[in-house]
**Student:** 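Starting off with a structure, shown below.
A, B, ... follow the sequence lines: proteins, then strands. Residue 1 opens every chain. Keep in mind that this is a model prediction, so the values were computed, not measured.
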2 protein chains.
Amino acid sequence: MSNTDELLSIRAAELYYEENQTQDEIGVILRLTRWKVGRLLASAKANGFIRIEIVHPRARRLPIERRLRESTGLTDAIVVSSAGVSTDAELQSRTAQAAADYLTSLRPIPRTLGISWGRTLHDVSLHLKQGWAPGVNVVQINGGVSLNQRTGTAASTAVTIAHKADGSATLLPSPAIFERLETKQAMETDRTVAGVLALARNAQAFLFSAGQADANSALVDSGYLTVEQINELVARGAVGDVVGRYIDQHGCIVDPELNERTVGIQIDQLRRAPLTIAVISGRTKHTIARAVVRNGLCTVLVTDEDTANALLQEKDTP
Amino acid sequence: MSNTDELLSIRAAELYYEENQTQDEIGVILRLTRWKVGRLLASAKANGFIRIEIVHPRARRLPIERRLRESTGLTDAIVVSSAGVSTDAELQSRTAQAAADYLTSLRPIPRTLGISWGRTLHDVSLHLKQGWAPGVNVVQINGGVSLNQRTGTAASTAVTIAHKADGSATLLPSPAIFERLETKQAMETDRTVAGVLALARNAQAFLFSAGQADANSALVDSGYLTVEQINELVARGAVGDVVGRYIDQHGCIVDPELNERTVGIQIDQLRRAPLTIAVISGRTKHTIARAVVRNGLCTVLVTDEDTANALLQEKDTP
DNA sequence: GGAATTATTGCTCATGTGAGCAGACACGGA
DNA sequence: TCCGTGTCTGCTCACATGAGCAATAATTCC
C-alpha cells in the first residue's frame, strides 16, 4: 500500500474508532468514496495499526489460547489478559481466578480431585465460590507443609476447596520430603497413608501448580530444602518443581535420590492421567511452564498472556 | 449492571473482538439472544472495558483535541498519540511531524511566517516535505544562537523551512540576549535589524516552541544564561521561556530587566497575533505548556497526548 | 396484596458494512 | 501500437447491527 494510503487509513481510523463517524461521513471528510474508506479501515486493521484490548481482570485471550492448544496439543488452555496489570501478584491473582472459573465450569464434575499445594493453589481456593460443585472429594497428592501449623496452607487449601464444593478433603499426613529414605518407606507402609496415596493416584482430575527453582521456592520457605540444595539442583539442570519433585527442561527427574525421599504421586502418574490442570503464572515461571507443557505433564494449562506468549515464541523458533 | 452480566459482557467481547464472531453466533455460544449480546457489548464499551488504540506514529487523538479546544478556547489543537512510544525523543519527533503536517495543511497559506528556534522547531523543519507550500517568507522572531556557527540551528531551521517552501528566509542577525541594555538598544536602531523586527511583528503566522526553566534550557546551552541565573528565575516563579523570554504560570514576564535585554518580538505581540502555533511536547514541558495555553499565548497548540491530558486535568480540578 | 413504576426482554425496521464482481486503469512486453 | 496481466475502483447485494418500541418481568411503594 502506498505511503499516502497508509496515512489516510490512520485518519480514517481516527474518525471511525475515536469519533464514531460512519464510513459515509468519513468519505465526505476525506473526499473518498465510502468503499475506499472501508478498504482503508480494513488495511489499517490488517497492518496491525488498530489495537483492541479488553481491559478487565477476568478478560481472557482466546486467540492465544487457540494457538497454544494447536501448537502444544493441550486439551485446553486458559490465558488471562495482562492488559492493565502492573504487578506480578495481580497477574497471579487473575490467573488463580481463571483457574477457579475453569474448575467451576468443568464437566463432568470430577468426583475426586487431586491437588498439590502452594501460594497459587491457595489463591485458587480463595477465588472459588461457595457451592462451585455439588460435592467433590479433594485429595492431597503430595506431602504438605504440616498438619500442626495453624493455617497450614497445604491443609487449608484442600479443606477450603472441598468445603466450598460441599465435599470432603482427604489430607496426606506427611512431610513433603523425608531426610532418610527408610523413614519415608516406613511411612508409606502405614495403612492410612497408603490409602491416601492410592486415592490420590486414582483421582479423576488433578490440579497443581509449579515452582521455579530458586531461593524463593515454597520448599525452601517450608524448610524442606536449603538454598544450597536448590543451587545444586539448578546446577544439575533443574528448572523447577512439580508436586514437590524437581525436573529439568526435558521433564526428567533431576535428582533420583531426592525424588525417592519425596512423598506423593510420581511425575509419571501425572503424565498418564487424563485430566491434569496446571496453574502457572508470572514472569519467573516461564521456564518451568515450558518444561511442564512440552513434556505433557498437564492436559490443561491456566496461565497468563506473557507466559503463553513465551511458550509460543519457543515453538516458533526452534 | 449485575456482576454476572459484567462477566458475560467480557466473554461476549472476547468472542466479538478477538474471535470475530457475529453477535448471533455469540448468542448461541453463551445461550443468549443476539439482542442481549448486542446490549452486553454496548455496556462493555460504555464501562470502558474495550480499549481501542490506533498504534501509528502519525496517529492523533481527536477526542482529546476536541476537549482541549472546548476547554481552553484554542482555535485548533493537534494531539499526537503516545501509544507505543517508549522515549521522550520519539514523542517529540511525532509532535514535530504533526506540526509539519499542520503547517502543510494550513489554509490560507501565510505569506510571512515568524518562527523562533530550538530543538523542537529544528525537528519540525526536518519533517517538512519539499514543496510544502508555494513560497513563504520565513522570519526569525527572536535572537538566535549565532550567525557564524556552522550549523547554527537557529539559522538553519529558518532556512530549511523557507527552502522547502520554495520561499525566502529573513534572519535576525542578533544574539538572543545582550549583556548591556544600551548595546541592545543600539542594535535595534540599526536599519537592517529594525527592518527584520518590523517584518517579524507583522508576520501573518507565528510558529514557536517553549522551553522549560531548568539547566537543560537551550539558552543555557548557548551560553546566554548561566544555571545560577535560571535558578534565580525559577525562584521568582519562572516556569519556562517563550521566544527567549521567561514567564511565570500567569504568563507574566518574570524579570523585566532581563526581558528588556532580550531581542525579538514581545510576549504581548504574540498574544495579540491572530495565528500563533505553539509546538510543545514532552514530560518536562507540562507546566510551561499550561502557562502558554492558559494565558492565550497561542491560538493553536501542537502537543502530545500526555501533555494534553495534563492540561485537561488542570481544567477539571481548579 | 395489589398498583405503580422501573428495568429488562424480544422484536421490527432502517442503516451501516463487508463480500464479491465487473469494468476502468496502469503497466510492461511483444 | 496493441494486447495481456495485474491492480484499483465503483457498485450490487446480503448480512450484521443499532435505534426505537411495545410487551413482559421485576421492584418499589402504598
**Student:** Between P on dA7(C) and CG on D5(B), what's the gap in Å once rounded to a whole number?
**Tutor:**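 Distance, rounded to whole Å: 15 Å.
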**Student:** Looking at Q23(B), does any N or O in its side chain come under 4.0 Å of the phosphate oxygens OP1/OP2 on dC15(D)?
**Tutor:**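 Answer is no, no contact under 4.0 Å.
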**Student:** Round to a whole Å and report the spacing from CD of E25(A) to P of dT15(C).
**Tutor:**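 Those two atoms, CD and P, are 13 Å apart.
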**Student:** Measure the distance from CG on L8(B) to C1' on dT9(C) and round it to the nearest whole Å.
**Tutor:**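 In whole Å, dT9(C) C1' and L8(B) CG are 15 Å from each other.
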**Student:** Give the rounded distance in Å between these two atoms: CG of L32(B) and C1' of dG10(C).
**Tutor:**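 My rounded result for the distance is 13 Å.
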**Student:** Looking at T22(A), I'd like to know whether one of its side-chain N or O atoms comes within less than 4.0 Å of OP1 or OP2 on dT17(C).
**Tutor:**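 Indeed, a polar side-chain atom of T22(A) lies that close.
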**Student:** Going by heavy atoms in the side chains, are L91(B) and T87(B) under 4.5 Å from each other?
**Tutor:**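 No; the side chains remain at least 4.5 Å from each other.
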**Student:** Check the phosphate of dT17(D) against Y16(B), side-chain N and O only, distance under 4.0 Å to OP1 or OP2. Yes or no?
**Tutor:**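 Checking dT17(D) against Y16(B), a side-chain N or O does come within under 4.0 Å of OP1 or OP2.
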**Student:** Is there a side-chain contact between I277(B) and L103(B) (heavy atoms, below 4.5 Å)?
**Tutor:**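 I277(B) reaches L103(B) side chain to side chain.
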**Student:** Specify the separation, in whole Å, of atom CZ of R34(A) and atom C1' of dC13(D).
**Tutor:**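 Atom CZ in R34(A) sits about 11 Å away from atom C1' in dC13(D).
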**Student:** Rounded to whole angstroms, how far apart are CG on L40(A) and P on dC8(D)?
**Tutor:**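 From L40(A) CG to dC8(D) P: 12 Å.
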**Student:** Determine, step by step, whether V136(B) and I161(B) satisfy the side chain to side chain contact (heavy atoms under 4.5 Å, CB included) criterion, reporting the C-alpha distance in whole Å, the side-chain angles of both residues, the deciding distance to 0.1 Å, and the verdict.
**Tutor:** CA-CA 9 Å; V136(B) 170; I161(B) 294 178; over 6 Å; no
**Student:** Under 3.5 Å, is there a donor-acceptor pair between the side chain of E14(B) and the main chain of R60(A)?
**Tutor:**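 Here the side-chain-to-backbone pair exists.
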**Student:** Please tell me which of the listed nucleotides, dT9(C), dG16(C), dC11(D), lies nearest to the side chain of W35(A)?
**Tutor:**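 It is dC11(D).
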**Student:** Take atom CG of L41(A) and atom P of dG16(C), then tell me their distance rounded to the nearest Å.
**Tutor:**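 Nearest whole value for this atom pair: 15 Å.
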**Student:** Between dT17(C), dT12(C), dT9(D), which nucleotide gets closest to the side-chain atoms of K36(A)?
**Tutor:**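 The answer is dT9(D).
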**Student:** For the side chain of R39(A), starting at C-beta, report the closest nucleotide among dT12(D), dT9(C), dT9(D).
**Tutor:**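 Given the options dT12(D), dT9(C), dT9(D), the side chain of R39(A) is closest to dT9(D).
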**Student:** Please state how far atom CG in N20(A) lies from atom C1' in dG18(D), giving the value in whole angstrom units.
**Tutor:**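 That distance rounds to 12 Å.
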**Student:** Enter the distance from K45(B):NZ to Y16(B):OH here, rounded to the nearest 0.5 Å.
**Tutor:**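 That separation rounds to 7.0 Å.
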